[in-house]
Amino acid sequence: MSARTDRADPSDLIDDIEEADAVEEVAPLSPKLIFEAIRRNGEEELERPNRALWFSGIAAGILISFSVLGEALLRARLPDAQWGYIIENMGYTFGFMLVILGRMQLFTENTITTVAPVLIERSRACLVRTVELWSIVMAANVIGAFAVASFLAYTPVLAPDVAAAFKELSQHATGMDAGEGFMRGIPAGVLIAALVWMMPTAKGSEVALIFLFTWLIALGDFTHIVAGSVEMAYLLVQGELGVMQAVFGFFLPVLSGNVVGGTVIFTLLVWAQIMPEVKTDT
């Protein structure tokens with residue numbers, strides 16, 4: 001008996017519309033559709049009023065402090081053991097969950113969402129608006145970081161052991177040289193962009209996804225510009241970090257690393273794989 005060589009028509013396996021809908025529901029999204037979902041989200045962000053971006057960005061800068069605070073709380077309470085580092089870094093996920101699930105404006109998310117419309121439209125107006133949004137969100141994140149850092153530094157909200165742990169974390173984050181801060185910022189940018197890329201397919205597992213990706217950032221000792229800005233501001237407002245070191249030794253190198261990782265590496269590589277399938281406005 002000869003083997004059958006012709007392929008079955010997929011429609012022969014589906015009896016009705018309900019079954020077809022069920023297949024579409026369980027089938028994973030293609031890269032092109034994921035990109036489209038992110039592009040639409042990016043367009044919505046670009047169309048938001050600047051005032052809304054300011055307040056959302058400030059809120060994100062304040063709430064991201066719970067990543068450093070969560071880590072400090074666990075460090076202060078855990079015993080001095082090798083496994084403590086693994087558990088301690090789980091605290092780093094708290095602020096990211098608040099910001100991402102709360103739909104606040106976090107700069108590193110925008111390294112992929114608002115770039116997607118630029119890649120499609122390729123217009124000067126879209127590029128200018130993206131740069132404007134980046135500037136507003138970054139400035140707002142930093143303002144929020146300084147506000148919460150001042151509150152934590154000059155009020156008795158932190159127990160002495162937690163305050164000491166918070167200070168240790170801040171000194172470590174800002175104590176790297178510029179080159180190391182830049183290089184450690186690249187994987188953090190890649191991971192945040194990858195997290196944003198995977199969110200449209202999360203389907204109810206968003207919390208687990210945010211937890212795992214941001215925990216990995218902490219475990220890898222990678223540098224994140226917004227969470228790191230809270231640590232930078234905490235030392236600056238107390239006069240324990242110089243302005244030049246803060247700006248040129250920490251802030252600009254880490255910011256550059258996050259942008260390179262999130263946009264230059266991840267977003268452009270994703271774009272390269274789907275570009276043949278996408279129609280642009282050029």
Side-chain angles (χ1 to χ4, degrees), residues 4-48 93 96-97 99-123 125-127 129-130 133-134 137 186-217 220 222 258-282:
R4 182 178 179 181
T5 57
D6 58 320
R7 299 180 63 183
D9 185 345
S11 62
D12 293 340
L13 306 176
I14 300 173
D15 295 330
D16 54 34
I17 295 176
E18 289 185 2
E19 289 184 356
D21 290 341
V23 170
E24 290 184 5
E25 186 175 341
V26 299
L29 291 176
S30 68
K32 184 175 71 172
L33 292 179
I34 296 175
F35 188 89
E36 174 61 15
I38 291 172
R39 184 194 67 81
R40 292 185 183 185
N41 182 39
E43 284 193 341
E44 290 177 3
E45 300 297 342
L46 291 171
E47 291 171 1
R48 293 185 69 185
T93 67
F96 285 93
M97 287 189 189
V99 171
I100 296 174
L101 294 177
R103 301 279 294 176
M104 306 298 177
Q105 284 287 339
L106 189 66
F107 175 80
T108 44
E109 283 188 271
N110 287 321
T111 58
I112 179 171
T113 53
T114 56
V115 173
V118 175
L119 294 173
I120 295 293
E121 294 185 23
R122 302 187 185 182
S123 67
C126 188
L127 177 61
R129 176 54 181 162
T130 298
L133 181 144
W134 275 19
V137 171
I186 293 175
V190 169
L191 286 169
I192 292 297
L195 171 60
V196 174
W197 177 259
M198 294 178 68
M199 287 293 278
T201 62
K203 295 182 180 179
S205 59
E206 293 89 349
V207 171
L209 200 64
I210 297 169
F211 178 89
L212 290 172
F213 273 65
T214 54
W215 186 27
L216 183 57
I217 291 174
F222 304 136
N258 286 173
V259 172
V260 168
T263 296
V264 178
I265 294 178
F266 188 88
T267 305
L268 294 186
L269 283 177
V270 165
W271 171 245
Q273 72 161 319
I274 67 168
M275 184 169 53
E277 305 175 74
V278 178
K279 294 180 180 180
T280 66
D281 292 340
T282 56

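Just the heavy atoms: all of them, side chains too, but no hydrogens, waters or symmetry mates, feed the values below.
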(request) Over all heavy atoms of both residues, which pair between P117 and G42 is shortest? Give the atoms and the distance, please. (result) CG-C, 3.9 Å
(request) Going by the side chain to side chain contact (heavy atoms under 4.5 Å, CB included) test, name the single residue among V259, V190, V270 that passes it with I265. (result) V190
(request) Report yes or no: does T267 contribute a side-chain atom to a donor-acceptor pair with the main-chain N or O of G262 at less than 3.5 Å? (result) yes
(request) Run through R103, E36, E109 and flag the one making a side chain to side chain donor-acceptor pair (under 3.5 Å) with N41. (result) R103
(message) Counting C-beta onward and ignoring hydrogens, is there a side-chain heavy-atom pair between L268 and L119 closer than 4.5 Å?
(response) yes
(request) For the residue pair V137 and T114, establish whether any side-chain heavy-atom pair is separated by less than 4.5 Å. (result) no
(request) Check whether any side-chain heavy atom of I120 sits under 4.5 Å from a side-chain heavy atom of F35, and report yes or no. (result) yes
(message) Working to the nearest 0.5 angstrom, can you tell me the gap between E43 CD and E45 CD?
(response) 11.5 Å
(request) Check P200 against I34 and note the closest heavy-atom contact, atom names and distance. (result) CG-CG2, 4.3 Å
(request) Please examine the side chains of W134 and T263, heavy atoms only from C-beta on, and report whether any two atoms are closer than 4.5 Å. (result) yes
(request) Check whether any side-chain heavy atom of V115 lies under 4.5 Å from a side-chain heavy atom of F266, and answer yes or no. (result) no
(message) So for atom CZ, which belongs to R48, do other residues, nucleotides or ligands contribute more than 12 heavy atoms lying within a distance under 6.0 Å?
(response) yes
(message) With a 4.5 Å cut-off on side-chain heavy atoms, are I192 and T111 touching?
(response) no
(message) Would you compute the distance between atom CG of L209 and atom CE of M97 and round it to the nearest 0.5 angstrom?
(response) 10.0 Å
(request) To the nearest 0.5 angstrom, please state how far the CD atom of E206 sits from the CG atom of L195. (result) 10.0 Å
(request) Taking the side chain as every heavy atom from C-beta outward, state whether I210 and T93 have any atom pair closer than 4.5 Å. (result) no
(message) Within the 4.5 Å heavy-atom criterion, are L212 and L216 side-chain neighbours or not?
(response) no
